[in-house]
There are 2 protein chains.
Amino acid sequence: MTVATPRGDVDTPARGGRIRRQHEAAILAAAEQVFARAGFQGATMAEIALAAGLPKSNLHYYFGTKAEVYRAVLAHILRLWLAETDRINADADPREALAHYIEAKMRLTAEHPDASRVFANELLHGAPEIGDYLRNELRLLVADKAAVIEAWIAAGRMAPVDPVHLFISLWALTQTYADFETQVCAVLNRRSLGPADYRRATAHVLNLVLRGCGLASPIPEGESPCST
Amino acid sequence: MTVATPRGDVDTPARGGRIRRQHEAAILAAAEQVFARAGFQGATMAEIALAAGLPKSNLHYYFGTKAEVYRAVLAHILRLWLAETDRINADADPREALAHYIEAKMRLTAEHPDASRVFANELLHGAPEIGDYLRNELRLLVADKAAVIEAWIAAGRMAPVDPVHLFISLWALTQTYADFETQVCAVLNRRSLGPADYRRATAHVLNLVLRGCGLASPIPEGESPCST
DNA sequence: TGAAAACCTGACCATATGGTCAATTTTTTA
DNA sequence: TAAAAAATTGACCATATGGTCAGGTTTTCA
């Protein structure tokens, strides 16, 4: 339940010795992979143990239960997720700020697809673990940034767009490339998404959203043919 | 694997008597709910049976295995999903055609959130059952519609947008309201999404996408205050 | 260097759950 | 209406899996 806010108490490196820190990290990394592929119920401790290169009993030495591992993975992910809104503030240039946010989110998605998938899975199942976080920290953060966007709109610096729905859209547009990679690959006729694909996707989202917000896109689409 | 293309052979009503059709429908409906909430692994036959109002053994009379129930649910969903691209054809007006598609997808999402979630879950886990469908039927359908959009762009009837990525974006923008409803509710500070919320979401997506495609939005945002 | 703390792990258990089956009842149909 | 077909179901089983634990090994540190 209390998944521990980003700087919470679940996986804070501090307690335990050298070995503990190393092995916990290995377990977390393995667990992220496995949870991403199989979901909470589908993941087995045996599988995680195998991926981490440890006997199963050892997992239970570091994490009492599967749920504890899961919570630690989520806490780890939330820390990643929370940063990127810095540049969205009243003084900033709307186009630059939004572009930076989109690029950052897209990079995060490209570099941590498994994290995105674990998060997506948690949401899909009603966010039993991180519901509180969503309704508190995240809601307030979004309300804050929404006010900035409202101000930009009021000042005529961008087209009128519902700011909260805009955030929802940005999350959807970016994370879809990790969460639903299979579908994306299928329609793009690719085996998997490489850097070139992500560059193209980023250009597309920037193009669509910036123009959609009345902020002429500076990036002409279709840089390279992309044949990864 | 072969999940049966929309008019496939898994749940096609044809074989079996009156009772069979009724009970299969009840099971499918119950299963959709349960799979949406818990995913494939998380769902139990006992739970589905309970929701369907039948003893567990009876499920196994109609569907041999859990996987079979799951495949039937997916086949049922694919049939829903496949229709809505009709109006996207060379002769149509881009703005009207896209607006219609967005509205249709949004309605589908609002009316069948559980279906959307089962589908999302399947994708999230690598689409083991519907992968073939995605790589064949869906890919071809999208390639077809993408050509139409290319033609519109070439004719200067809309801004240059990567057509395949545009479809990916449209799916993401609409289905996020069902798949990640928990997160949406959290940041909107709602208990659940009502018709008014969906109206507002639709207006937002239309606004963003149409302007993003260089097709001035005819719908001014923020109709009613929406307090459901 | 020795003892305390941390770490490791194979064997084991309890439970949940998908699936089977044979005996029975209900429905269909000729 | 009789017999064949379809449908029903409680009891039961095999397996997978999360979790325990006692006894052993390694690391730390005064």
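Any value given below was found using the heavy atoms of this structure, including those in side chains, with hydrogens, waters and symmetry copies removed. Predicted, not measured: the structure shown is a model, and the values here were computed from it.
Here the side chain of A:N58 is nearest to one of C:dG19, D:dG18, C:dC8, namely C:dC8. Candidate nucleotides C:dG18, C:dT9, D:dG18 were compared by shortest atom distance to the side chain of B:K56, and C:dG18 ranks first. Closest to the side chain of A:T44, out of D:dG18, C:dG19, C:dT9, is D:dG18. Closest to the B:H60 side chain, of the nucleotides D:dT20, C:dC7, C:dG19, is C:dG19.
To the nearest angstrom, P of C:dC8 lies 10 Å from CD of A:Q22. In this structure, the CE atom of A:M45 is 7 Å from the P atom of D:dG18, given to the nearest Å. Atom CD of A:E68 and atom C1' of D:dG18 are 13 Å apart (whole Å). Rounded to whole Å, atom C1' of D:dG18 lies 11 Å from atom CD1 of A:I48. Taking atom NZ of B:K66 as the reference point, atom P of D:dA16 lies 15 Å away to the nearest angstrom. A straight line from CG of A:L54 to P of C:dT9 spans 7 Å, rounded to a whole angstrom. Between the CZ atom of B:F63 and the C1' atom of C:dG18 there is a distance of 16 Å, given to the nearest Å.
Contact annotation: A:Y62 reaches the phosphate of C:dC8 (side-chain N/O to OP1 or OP2, under 4.0 Å). Taking only side-chain nitrogens and oxygens, A:R18 comes nearer than 4.0 Å to OP1 or OP2 of D:dT28. Under 4.0 angstrom from either OP1 or OP2 of C:dC8 there lies no side-chain N or O belonging to A:Y61. Contact check, B:R20 against D:dA6: no side-chain N or O comes under 4.0 Å of OP1 or OP2. Distances shown here put a side-chain N or O of B:H23 below 4.0 Å from the OP1 or OP2 atom of D:dT8.
A 4.5 Å side-chain heavy-atom check between B:F35 and B:K66 finds at least one atom pair inside the cut-off.
Residue contacts shown for A:A49 are absent, as no nucleic acid heavy atom lies under 4.0 Å away. Base contact: A:S57 has a heavy atom under 4.0 Å from a base atom. Nucleic acid contact class of B:A67 (heavy atoms, under 4.0 Å, all strands): none.
Pairs engaging residues 40-56 of chain B under the side-chain hydrogen bond (donor to acceptor under 3.5 Å, both in side chains) rule: B:R37-B:E47 [sequence neighbours left out].
The existence of a salt bridge linking A:E24 and A:R20 is confirmed by a sub-4.0 Å separation between a basic side-chain nitrogen and an acidic carboxylate oxygen. Salt-bridge check for B:D114 with B:R117: passed, with a basic side-chain N closer than 4.0 Å to an acidic carboxylate O.
Between B:Y101 and B:F167, the ring planes lie perpendicular to each other; the angle is over 60°, past the 30° to 60° tilted range.
Taking the nucleotide of DNA chain C with the nearest heavy atom to each of B:I19 and B:A43, the more 5' of the two is matched to B:A43.
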